[in-house]
Amino acid sequence: MEVPESNDGVVLLHGIGSEIADRLKKVSLYRAWFGPAGEQLVTRRDAATGALFPPVDYPVGIIAGNKSIDPTSSLFLPKPHDGRVSVENTKLDGMADHVVIGTAHPWLPGNRVAIAQTIAFLRDGRFSRM
C-alpha cells in the first residue's frame with residue numbers, strides 16, 4: 001500500500017472492518033468464498049494485518065452509510081449501520097473528518113452524495129455540511 005504525501009487527502013468508504021466478518025470468520029463457507037481477504041475484513045487486527053495500516057499522518061476523511069438492504073445482517077449489527085459495517089466502526093483515530101450519508105454499503109462508491117462529499121474533502125480538507 002502506497003502512503004500518500006502528508007499534504008494529500010484520502011477518503012475512505014465503508015470503514016475499517018466489519019462486525020459481520022467477525023462473526024463469520026470461522027465459518028468454512030465464508031472462508032471458502034472470501035479466502036484470505038475475508039480474514040482481513042475483521043474489526044480486530046493481528047500484528048501482520050495491523051502493520052498494513054500505519055498510523056494516520058495525512059488528512060483522512062471517512063464516509064459511512066446508514067441504510068441497509070439486508071434484513072439478515074441487521075440482526076447482527078449495532079445501529080446505525082450500512083448493512084455490513086456499523087457507523088461507529090467506520091471511525092479511525094486521527095481522521096480529519098467523518099460524515100454519514102443515507103445509503104447502503106454496496107451503493108456507497110457510486111452514490112452521488114458520496115461523490116460530492118469526496119470532492120469536497122479533497123478540495124477543502126473537510127466534508128460539506130449540507
Side-chain angles (χ1 to χ4, degrees):
M1 178 168 92
E2 187 175 330
V3 178
E5 295 294 325
S6 294
N7 60 349
D8 292 340
V10 173
V11 176
L12 299 176
L13 302 174
H14 304 307
I16 312 307
S18 172
E19 296 91 344
I20 299 293
D22 290 344
R23 288 181 165 268
L24 298 176
K25 69 181 181 181
K26 298 214 185 277
V27 175
S28 59
L29 184 59
Y30 173 84
R31 290 184 7 232
W33 182 260
F34 289 102
E39 295 288 321
Q40 296 174 357
L41 296 174
V42 298
T43 59
R44 291 173 286 291
R45 309 251 184 245
D46 61 20
T49 305
L52 296 173
F53 300 97
V56 173
D57 65 350
Y58 46 89
V60 174
I62 299 175
I63 302 174
N66 67 358
K67 304 284 184 203
S68 177
I69 58 171
D70 182 355
T72 305
S73 68
S74 294
L75 300 172
F76 303 106
L77 287 168
K79 291 182 178 13
H81 60 81
D82 68 0
R84 295 289 181 271
V85 180
S86 69
V87 168
E88 186 59 34
N89 209 41
T90 63
K91 297 176 181 173
L92 178 66
D93 289 340
M95 66 184 170
D97 204 356
H98 184 270
V99 69
V100 180
I101 63 173
T103 194
H105 188 87
W107 317 136
L108 264 170
N111 180 281
R112 63 181 175 78
V113 175
I115 293 167
Q117 290 288 20
T118 298
I119 292 167
F121 185 85
L122 295 175
R123 182 187 60 229
D124 305 326
R126 61 185 163 74
F127 293 118
S128 172
R129 303 297 176 212
M130 299 174 178

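Nothing here was measured: the structure is a model prediction, and the numbers come from that model.
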**Complete:** salt bridge (Lys or Arg N to Asp or Glu O under 4.0 Å) filter on Asp22, not counting sequence neighbours, yields Arg44
From [X] atom [atom1] to [Y] atom [atom2], the distance as rounded to the nearest 0.5 Å:
X      : Y      : atom1 : atom2 : answer
Ser18  : Lys25  : OG    : NZ    : 12.0 Å
Leu77  : Ile20  : CG    : CD1   : 4.0 Å
Arg126 : Asp97  : CZ    : CG    : 8.5 Å
Ile63  : Phe121 : CD1   : CZ    : 9.5 Å
His81  : Asn89  : NE2   : CG    : 13.0 Å
Asn111 : Thr103 : CG    : OG1   : 4.5 Å

**Request:** Mind running side chain to side chain contact (heavy atoms under 4.5 Å, CB included) on Ile101 and Leu108 for me, showing each step along the way?
**Result:** CA-CA 9 Å; Ile101 63 173; Leu108 264 170; 3.7 Å; yes
**Message:** Looking at Asn66 and Val100, would you say the former's side chain and the latter's main chain have a donor-acceptor pair under 3.5 Å?
**Reply:** no
**Prompt:** Between the side chain of Ser73 and the main-chain N/O of Arg84, is any donor-acceptor distance below 3.5 Å?
**Reply:** no
**Prompt:** So do His105 and Val85 actually touch side chain to side chain, heavy atoms under 4.5 Å?
**Reply:** yes
What's the shortest heavy-atom distance between [X] and [Y], and which atoms?
X      : Y      : answer
Ala120 : Ser128 : CB-N, 4.0 Å
Ala96  : Gly125 : CB-O, 4.4 Å
Pro106 : Pro109 : O-CD, 3.8 Å
Thr72  : Asp70  : N-OD1, 3.0 Å

**Request:** Would you please name every residue forming a ring pair (Phe, Tyr, Trp, His ring centres under 6.0 Å) with Phe34, sequence neighbours left out?
**Result:** Tyr30
**Item:** Check: Ser86/Glu19 side-chain N/O donor and acceptor closer than 3.5 Å
**Value:** yes
**Asked** Do Ile119 and Val99 belong to the same hydrophobic cluster, where Ile, Leu, Val, Met, Phe, Trp and Tyr are linked whenever their side-chain heavy atoms lie under 4.5 Å apart, directly or via other members?
**Response** no
**Item:** The single option from Leu12, Leu92, Val60, Val87 passing side-chain contact (heavy atoms from CB on, under 4.5 Å) against His98
**Value:** Val87
**Prompt:** Who pairs with Leu122 by side chain to side chain contact (heavy atoms under 4.5 Å, CB included), at least two apart in sequence or on another chain?
**Reply:** Val11, Thr118
**Asked** Is there a side chain to side chain contact (heavy atoms under 4.5 Å, CB included) between Ile69 and Trp107 once you walk through the steps?
**Response** CA-CA 10 Å; Ile69 58 171; Trp107 317 136; 3.8 Å; yes
